[in-house]
Amino acid sequence: MSKSWKLFVWLLAAVLVLSACGGGGKSSSSGASGGSSSSSSSSSSSSGDAQDPVELTAWAWNVNVGALNEAIAMYQKDHPHVSLKVEDIGRLDVYDKLSTGLAAGGAGLPDIVLVEDDRIHGYLDAFPNGFANLSELGFDQYADLFPDFKKNLTSLDGVFYAMPFDSGPTGMFYRRDIFEQAGVNPDSIETWDDFFNAALEIKNKTGVYAFPADKFKDDANFRMMMNQLGVYYFDKDGNIDFKNPKVIQAMNNMKRFGDADLVKDVNGWDGTVSATVDGSVATIPFGAWYYGTIIDQAKETEGKWGVFLLPAFEKGGNRAANLGGSSWMIPASSKHKEEAYQFMAFFSTTPEVQIMAMEKYGLFPSLLTAYDSPLFTSEVSFFGGQKIWQLFSEEMPDIPTPYYTKDYAIAFDEAVKAQADVFNGKDPAQALAEAAERLASRTGRAVNEY
Amino acid sequence: MSPKSAMYRLVSRLILVAGAFVSLFPFYWTAVAATNPSGKVFAKPPQLVPGSMFLENLFNLNASIGIFRVLFNSTFVTCVYTLFSLTVCTMAGYAFAKFRFPGRNALFSVFLVSLMVPYHATLIPLFKMMASWEWINTYLALIFPNVAYPFAIFLMRQNLLAMPDAVMEAARIDGVGEWRLFVSIVLPSMRPALAAAAIYLFVYQWNNFLWPLVATSTKEMYTLPVALSSLIGLSRIDYGQVMTGVTIATGPIVAFFLILQRQFISGILGGAIKE
């Protein structure tokens, strides 16, 4: 017994000694590792000469990291003095770090950061001086290379603050074998009414649901339908638009599928992927980026997939919508704004870069000139030889702008509650009107009356 | 033994076994998922037989986050932190419990109040402080900000209050110095409390996410939770890698707990007076 006490005493003594010398030892290592980021920025802050080496830093997540690294290699052919260090950070983690850094006056921020489109205006509102004015740096000349909705999402009051990257033109990813088994021809589906009847047929013959939805936690389907109808949580002036008849129409559409037991209730993202893999849903309405998830996780279903556009609300109506997508921003604290801008302008407006990102990483470009590539008319074997990229690229110019505002997260929360109410039996107009009141009191915004 | 109590024992065992199964199954499932390709995570019925992909998953995981470096960071930071923090908190708790000095109670209530301040409220000032010291992205920033951990101080103080003053007086009369009194007499009797605090501090630092996320900026400095989180992209997630990483991350906590668990059981104030 007393031996182990002695051991503990020795251990404690060792800690104390360690604490005395450890502090000194580590401060020297901090000089080395901390210096690598700070010294590089200070060493070249005096760069008037274009040949001084510049190391840019960027924050991005997942496949975007690979796209950036390949793009810098292409860029270095003409700009050998520019190098790039990309940090691979979780998608939501980027926002925690970015918000902290902006709140701390720009400390520790990179030169380039990837931000999802639905968050850009929120950041601009919370940190009006936090990001570089890209119009001043010359980005206006490229404006016409992008579809309207993307321009609206990346600019505020006519000034660009973000450079458009990928988009999520929507489609119904569907299982050919299930449609065939039920004897339904996907080409005949033009409207939601058509799809509703087809879904009933499929459910009757195969027992498979029409599409998945996280009924009580997410409203992605509802948002796609609103976007398709040219409406959203807010109108372009930032007023709450939940009482808009078109918003109610979208919610009614959700209700009809729910009432007929055609919606498979899933748990979040993982539940959606699970339903995709196990074939318990006939379609998954999502952005083009869902292609990557399908080919990664449902390898065994190769050749059984197809895509058609979201059905229209009336014959000949709009079938284009967008879900997801992101753009590049330059924090105002960057010491290399000019170099970062030059590289990202190259990244955003060079078709070869965008085609590389699409081909290797499945990141669907917003750059309209990229669609001329043969890639966009190629047949995709995983999708039964269908030219799915052509379908998505032709959709892009018709996508209406969704208005997110800085209160997007709160509006999303209320919309999900309204959707939950509807799935629990409440009248859509009623549920949305109540959500509008709650949202108004939480944000102080006006509600549009109709 | 009456048949009734035998019945009682059987039923209670069955309930315990069921409870153990429910709590252990997720770990088993995670470990199995670590040996299978990504899509199998979604298989129905769930995949319960280990596959042969563990090494490949581990290799991919190392390629994407440098698992060994990250594992070293987490282990190093957590062990050093636990030692430092345990020392500081025990001494602070001892001072609060056994020494009389002006403002002691006021100071202690400040500590208690700081238990209630949400961490997010101090995140930005702390980050600014670390940035101005150029500690961002160093081990210093990962280890030191929470060395004086209010809960551990509180825990140690409460336990030290139970230490009889008579024992300490006796030692003092025998001519034992304050330092030796603390190290040779007080500490050994505090082993269960020290073990509890150590486990608490270890788990806290091992799982700590937000601060390491904000305080590190390059892959080489990430801790395990931050690195694992970076695997979660928007739509393309390799679950094989994620599950392998999670399996690896769970191991050290279990090991640390098992090592210190014995301290709970062994004597409380056992030989204090005999010494």
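Both backbone and side-chain heavy atoms feed into the values below; hydrogens, waters and symmetry mates do not.
Between the side chain of A/Lys97 and the backbone N or O of B/Thr216, at least one donor-acceptor pair lies under 3.5 Å. A/Gln297 places a side-chain N or O within 3.5 Å of a backbone atom of B/Ile237 that can act as its donor or acceptor partner.
The closest side-chain donor-acceptor pair between A/Asp88 and B/Ser230, if any, does not fall under 3.5 angstrom. Counted by atom type alone, B/Ser217 and A/Glu87 present zero donor-acceptor pairs between their side chains at under 3.5 Å.
Heavy atoms of other residues, nucleotides or ligands lying less than 6.0 angstrom from CZ of B/Phe59 number 12 at most.
In this structure, no portion of A/Ala298 lies under 4.5 Å from any heavy atom of chain B. Heavy atoms closer than 4.5 Å to chain B are found in both the backbone and the side chain of A/Asp93. In this structure, chain A has a heavy atom under 4.5 Å from the backbone of B/Leu231, while its side chain stays farther away. With a threshold of 4.5 angstrom between heavy atoms, A/Phe286 does not approach chain B through any atom at all. Proximity to chain B (any heavy atom under 4.5 Å) is restricted, for A/Ile295, to the side chain, taken from C-beta onward.
The greatest number of non-hydrogen atom pairs below 4.5 Å with chain B, out of A/Asp270, A/Val94, A/Val63, is found for A/Asp270. When each of B/Val41, B/Leu228, B/Val214, B/Ile65 is checked for heavy-atom pairs under 4.5 Å with chain A, B/Val214 comes out on top. In terms of non-hydrogen atom pairs under 4.5 Å with chain B, the most contact-rich of A/Asp96, A/Val65, A/Val273 is A/Val273. Among A/Thr276, A/Ile89, A/Thr100, the residue making the largest number of heavy-atom pairs under 4.5 Å with chain B is A/Thr100. Here B/Leu213 is the residue among B/Leu213, B/Thr90, B/Val226 with the most heavy-atom pairs under 4.5 Å with chain A.
Under the rule for a ring pair (Phe, Tyr, Trp, His ring centres under 6.0 Å), the partners of B/Phe72 that lie at least two apart in sequence or sit in another chain are B/Phe76.
The two atoms that bring B/Phe127 and A/Ala104 nearest to each other are CD2-CB, 3.6 Å, heavy atoms only.
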